Structures are given as C-alpha cells and as structure tokens.
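Structure, as structure tokens:
On a predicted model such as this, the values are computed, not experimentally measured, just so you know. The chains referred to below are lettered A, B, ... by the order of the sequence lines, with proteins before strands, and numbering in each begins at 1.
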2 protein chains.
Amino acid sequence: MTPDSLMPKNFNISSIKASCSSCGLRELCLPVGLDEQEIKALDHLLNQRHRIRRGEHLHRAGLDFHSLYAVRSGFFKTYVLQEDGREQVTGFHMTGEVLGLDAISTDMHTCNAVALEDSEVCEIPFVKLEEIGRTIPSLMHHLHKIMSREIVHDRGMLLLGGMKAGERLATFLLNLSYRFAKRGYSPLDFNLRMTREEIGSYLGLKLETVSRALSRLQEDGLIDVNSKHIRLTDIGRLRRQTGNSFCE
Amino acid sequence: MTPDSLMPKNFNISSIKASCSSCGLRELCLPVGLDEQEIKALDHLLNQRHRIRRGEHLHRAGLDFHSLYAVRSGFFKTYVLQEDGREQVTGFHMTGEVLGLDAISTDMHTCNAVALEDSEVCEIPFVKLEEIGRTIPSLMHHLHKIMSREIVHDRGMLLLGGMKAGERLATFLLNLSYRFAKRGYSPLDFNLRMTREEIGSYLGLKLETVSRALSRLQEDGLIDVNSKHIRLTDIGRLRRQTGNSFCE
DNA sequence: GATCTATTTTGATTTAAATCAAAACAGAGT
DNA sequence: ACTCTGTTTTGATTTAAATCAAAATAGATC
C-alpha cells in the first residue's frame with residue numbers, strides 16, 4: 001500500500017471530473033463500452049431505487065444479505081454496536097460509493113448503515129450482478145476494482161495508528177475533501193454530516209479531543225471551523241500536517 | 001459489521017477442520033463442485049509455484065499488478081514505507097490466505113510483501129482468474145467472498161481504536177490463535193513470526209508498550225510468553241480481556 | 001421568538017502510552 | 001563456547017489523550 005491509500009498525495013482539484021456523478025450505474029459501469037442489450041440488462045439490474053430518510057437504516061447487522069446499495073445521493077454512516085453498547089463507527093459513505101461489500105463474505109450484513117441526511121440508493125441484487133457480470137466481463141472487473149479500492153481504503157486507516165490527534169483530523173478532512181472533489185463538490189468548503197463523537201469513534205479519539213484538534217487546526221490557520229461547516233484555508237500546510245499524507 | 005470481525009466470538013477449537021490445508025487451489029475452490037474440465041482449467045491457473053526465502057519480497061509497492069498470490073506455506077508481512085522512512089505494517093498473512101487483493105484497484109501493488117519465514121506461494125494470474133471465473137461461477141463467487149472477508153477483517157481493525165494496549169494485544173493473539181486453528185495448528189501454543197516492533201506497528205503501539213502489555217498478560221496468568229513462543233493459558237479470560245471480542 | 005435538547009467548546013485533572021535510557025537476552029555466525 | 005547484532009525487557013520521565021466537569025452554542029419544536 002502506498003501512503004496515498006486515503007488520499008492521492010497531490011490530487012489536482014481542477015482536473016477531477018464529476019465522473020460518477022449521481023448514479024449507481026455510473027459508478028458500476030462508467031469505464032465500460034456496452035451494447036444495447038447489455039445496457040438493458042443493467043437497467044434492469046439497477047432499477048430498484050429507495051429513498052432513505054435521515055435517521056433511517058438501510059440495513060442492520062445480522063440481517064440476510066441480498067443486495068449491494070449504490071448511494072445515489074445523500075450520506076451514510078456505518079457502525080457496529082459493541083457488547084457494552086458503545087457504538088463504533090466503521091465508515092462514512094457518500095454519493096457514488098457502494099455499501100454492503102462486507103456482507104458478501106458471510107451472506108449476512110456485518111454492520112448497520114444509517115442515513116445522516118435524506119438519501120437515495122440504488123439496490124443491486126448481488127446474485128443478479130454476478131450473473132450479468134458473467135456476460136459483461138468489464139462490469140465484473142469493475143466490481144473487483146471497487147472491492148479492492150475498499151480494501152485499500154480500509155487498510156489505509158491503519159496508518160492512523162501512528163498519528164497524533166491533529167494529524168488524524170487533518171487526514172480525515174483531506175480524505176473527505178478528496179471525495180467531495182471527485183464528485184464535483186467543493187473540496188475546500190463543505191459541511192460535515194456527522195457529529196464530533198462520530199468522527200472520534202471513526203478515528204479512535206474522544207469527542208473532546210476531536211473538538212480540541214479542530215480548534216487547534218483553526219488557531220494555526222489551516223482550517224476554518226463553524227460548527228459543522230469547514231473551510232480548508234491552507235490545504236498545503238494541512239497536507240504537511242498529516243506527516244504522511246494518504247487518502248482514498 | 002458484527003463485533004466478531006476479527007474473531008468469531010466463540011469458535012469451537014475442536015470443530016475447526018483443517019479445511020484449506022495448504023494449497024491456493026483449496027482456498028479458492030473448496031466449496032465448489034467441479035467437473036474434470038474445470039479442474040484442469042484450474043490446475044493450469046494455479047500451476048505456478050514460487051519459493052520465497054525468509055527476508056525476500058513477494059512484491060513491492062509501485063510494481064505492476066499481474067497476479068494474486070495464495071500462500072501455500074510460510075508467513076508474510078505486508079507493509080508500506082512512509083515518507084519519513086518509517087515502516088507501517090498493514091498485515092500478517094499465513095497459509096491459505098491470499099495476497100495482492102489491494103492491487104486490483106489500481107493495477108499496481110500498493111504495499112510490500114516480505115516473507116517472515118521460508119514460504120511457498122501459488123501465483124494466480126488475475127486476468128486468467130477472471131476469465132475462468134466466467135465459466136465457473138462458484139469460483140468467481142468464492143473470490144468475492146475472499147475479498148469481502150478481507151474488507152471485514154480490515155474494518156475490524158478499526159475496533160482497536162477504542163481499546164487499551166492490553167486489549168489490543170489480547171485481540172491480536174486471539175485472532176492469530178483463530179487463524180492457526182483454522183489451518184489445523186494449535187490455537188493455544190504457537191510461535192510469533194514477527195517482532196514486537198512489527199506487532200506494535202500493526203496495532204498502533206510502540207514496541208515497549210507491546211512488551212509491557214505481554215508481560216502484564218503473563219503476570220495476570222492469561223498467557224505464557226517465552227520471547228517468540230506464546231501459550232494461551234486462559235483463553236476464556238483472554239477473551240473477556242478484549243472487552244469486545246472480535247476476530248476474523 | 002422562546003424553550004428544550006443535543007452538540008460543541010473549553011478548562012482542570014488523571015491516566016495511559018510514548019519517549020528516553022540501559023540492561024538482559026537470543027540467535028547467527030565464527 | 002564466544003562475539004556480535006538485533007531484539008526484548010524493564011525502569012524513570014514526559015507527553016498526549018482520556019476523563020471529569022461545566023459553560024456555550026446550535027437546532028429543533030412549540
């Protein structure tokens with residue numbers, strides 16, 4: 001794994017196209033040259049859409065696995081409940097990303113997914129996906145890339161282990177920034193959908209530490225914090241702040 | 001994700017078969033009912049074996065990706081080098097496990113893999129695997145399970161974020177124990193192939209902290225440490241020690 | 001707009017782990 | 001068996017983050 005597992009070291013903001021703008025199909029099929037019939041098969045595969053209101057769950061740990069979900073719009077959090085009742089956040093997921101990949105291994109969802117804002121997803125029955133993938137190799141290959149990317153990202157989280165709170169936060173913000181940019185949103189100016197506590201859980205910090213680290217980054221002039229609204233005012237120094245940058 | 005992402009909460013040692021005993025083919029194909037011809041195609045796919053001596057690299061970050069590697073015997077460490085030259089360990093891999101899944105996303109290896117003891121791997125050209133997978137759906141599905149399992153495992157590492165040093169070590173040892181058991185080795189008595197520093201890197205701790213945590217677990221009668229040799233003398237309390245158990 | 005609740009910030013203190021340092025030990029090679 | 005080197009253990013000290021506590025702020029609801 002290169003150190004850019006969480007973010008390419010020097011992604012060029014302006015060069016990032018809003019490639020997989022809003023649709024699960026796009027995310028799954030963009031790089032593919034398809035004929036009429038294949039497009040039809042895919043349309044059939046991807047025609048189940050669902051609205052998930054803020055606070056509602058998309059799936060819960062322990063439930064049978066049938067479908068992947070491509071986020072068409074909105075924002076999700078995945079988490080597990082530990083024995084002691086504490087909630088451990090395992091990821092944040094935005095437009096164009098795919099949820100449910102972890103469930104393939106056991107045919108059971110291993111985490112809970114809840115919408116942090118009103119969202120729309122595209123349900124992709126996995127059995128059908130594998131079927132169609134047999135006749136459209138590039139689709140199958142693309143699924144493999146998506147799964148692999150997930151592995152790279154999750155593994156990149158290990159790098160946080162060696163970082164201090166401020167570095168973790170910087171890394172987290174840069175990763176969000178990168179992902180917003182990929183989707184055509186501003187990479188320098190965005191709203192956090194999650195609480196400090198959720199960020200802390202994800203990064204292995206307490207919420208007070210998250211708050212302090214953000215305040216510190218602001219003091220140092222790297223970012224501008226207004227509760228949930230974040231502006232990256234010096235992205236260069238923010239990168240250097242991470243020590244070892246890395247993103248998606 | 002359930003809390004057992006790193007280890008099933010109550011795996012029954014005696015009931016674990018040495019299922020995928022030693023071969024990449026087994027790991028990739030066990031649950032599959034195959035006919036003559038399919039077996040042949042697979043044999044062809046899996047006939048490239050390599051010996052990797054202790055200290056030698058299987059692949060390095062940045063190199064072009066062509067093949068997955070199934071570990072037939074031995075023990076590997078994967079790691080990335082950070083800008084400051086520090087080494088971040090990203091995983092340990094033993095017989096029956098598959099290396100290189102992270103490289104699919106970019107067609108480039110994202111980490112280095114080095115043998116921690118003399119090892120043997122089975123090279124699996126990925127293009128061929130996808131080809132053959134098209135005609136053997138269960139093989140393709142099994143690949144998906146393997147990748148998904150990797151995601152679950154990597155994500156389970158996030159749970160370490162909320163743990164103290166002793167809990168992390170206990171979790172780590174139980175995960176190793178579980179994986180040894182699956183392969184038919186003793187789950188209560190094994191040798192660590194890696195140094196304290198490598199364990200620390202993986203768990204987000206310094207080597208001194210690892211050493212102290214092990215000593216502490218020994219004092220408390222949960223394990224028996226003799227440099228690299230570990231005996232789990234009270235696996236029940238070791239599990240409770242993790243607070244929230246979880247494994248593979 | 002006023003009230004209530006959840007979230008966030010900040011401060012004081014404690015605690016766990018990192019750091020610094022040195023001794024003990026193990027394994028490889030001679 | 002002896003030496004050399006890398007690894008591990010243990011101790012003393014410092015530092016970063018957790019914890020405890022309270023005030024400030026933001027959002028939601030009436």
> With E97(B), which of H153(B), R179(B), R149(B) fulfils side-chain hydrogen bond (donor to acceptor under 3.5 Å, both in side chains)?
Replying inline: R179(B)

> Counting only distance, no hydrogens or angles, is the base of dG11(C) paired donor-acceptor with the side chain of R212(A) under 3.5 Å?
Replying inline: yes

>> I'd like to know if R216(B) reaches the base of dT9(D) with its side chain, counting only an N/O donor and acceptor under 3.5 Å.
In response: no

> Is the ring centre of F92(B) less than 6.0 Å from the ring centre of Y202(B)?
Replying inline: yes

> How about H93(B) and Y69(B): are their ring centres within less than 6.0 Å of each other?
Replying inline: no

Nearest whole Å is fine: how far is [N] [atom2] from [X] [atom1]?
X: L207(A); N: dA18(D); atom1: CG; atom2: C1'; result: 11 Å
X: R54(A); N: dG27(D); atom1: CZ; atom2: P; result: 11 Å
X: L192(B); N: dG6(D); atom1: CG; atom2: P; result: 21 Å
X: N226(A); N: dA26(D); atom1: CG; atom2: P; result: 8 Å
X: L169(A); N: dA16(D); atom1: CG; atom2: P; result: 16 Å
X: E208(A); N: dG11(C); atom1: CD; atom2: C1'; result: 11 Å
X: L205(A); N: dA17(C); atom1: CG; atom2: P; result: 14 Å
X: M163(B); N: dA16(C); atom1: CE; atom2: P; result: 16 Å

> Reckon G162(B) touches a base, only the sugar-phosphate, or nothing at all at heavy-atom distances under 4.0 Å?
Replying inline: nothing

>> By the 4.0 Å heavy-atom rule, please label G200(B) as base, sugar-phosphate, or nothing.
In response: nothing

> Does V210(A) or R196(B) map to a spot on DNA chain D nearer the 5' end, using the closest nucleotide for each?
Replying inline: R196(B)

> Which one, dA18(D), dT9(D), dG27(D), comes nearest to the side chain of S227(A)?
Replying inline: dG27(D)

> Among the nucleotides dT9(C), dT10(C), dA18(C), which one has an atom lying closest to any side-chain atom of S215(A)?
Replying inline: dT10(C)

> Quick one: on DNA chain C, does K164(A) or T195(A) contact a more 5' nucleotide (nearest heavy atom)?
Replying inline: T195(A)

Counting only side-chain nitrogens and oxygens, does [X] get under 4.0 Å of the OP1 or OP2 atom of [N]?
X: K206(A); N: dT19(D); answer: yes
X: S211(B); N: dT8(D); answer: no
X: K228(B); N: dT8(D); answer: yes

> Do the charged groups of R49(B) and E123(B) touch, with an N to O distance under 4.0 Å?
Replying inline: no

> Is a salt bridge present between R53(A) and D118(A), judged by a nitrogen-to-oxygen distance below 4.0 Å?
Replying inline: no

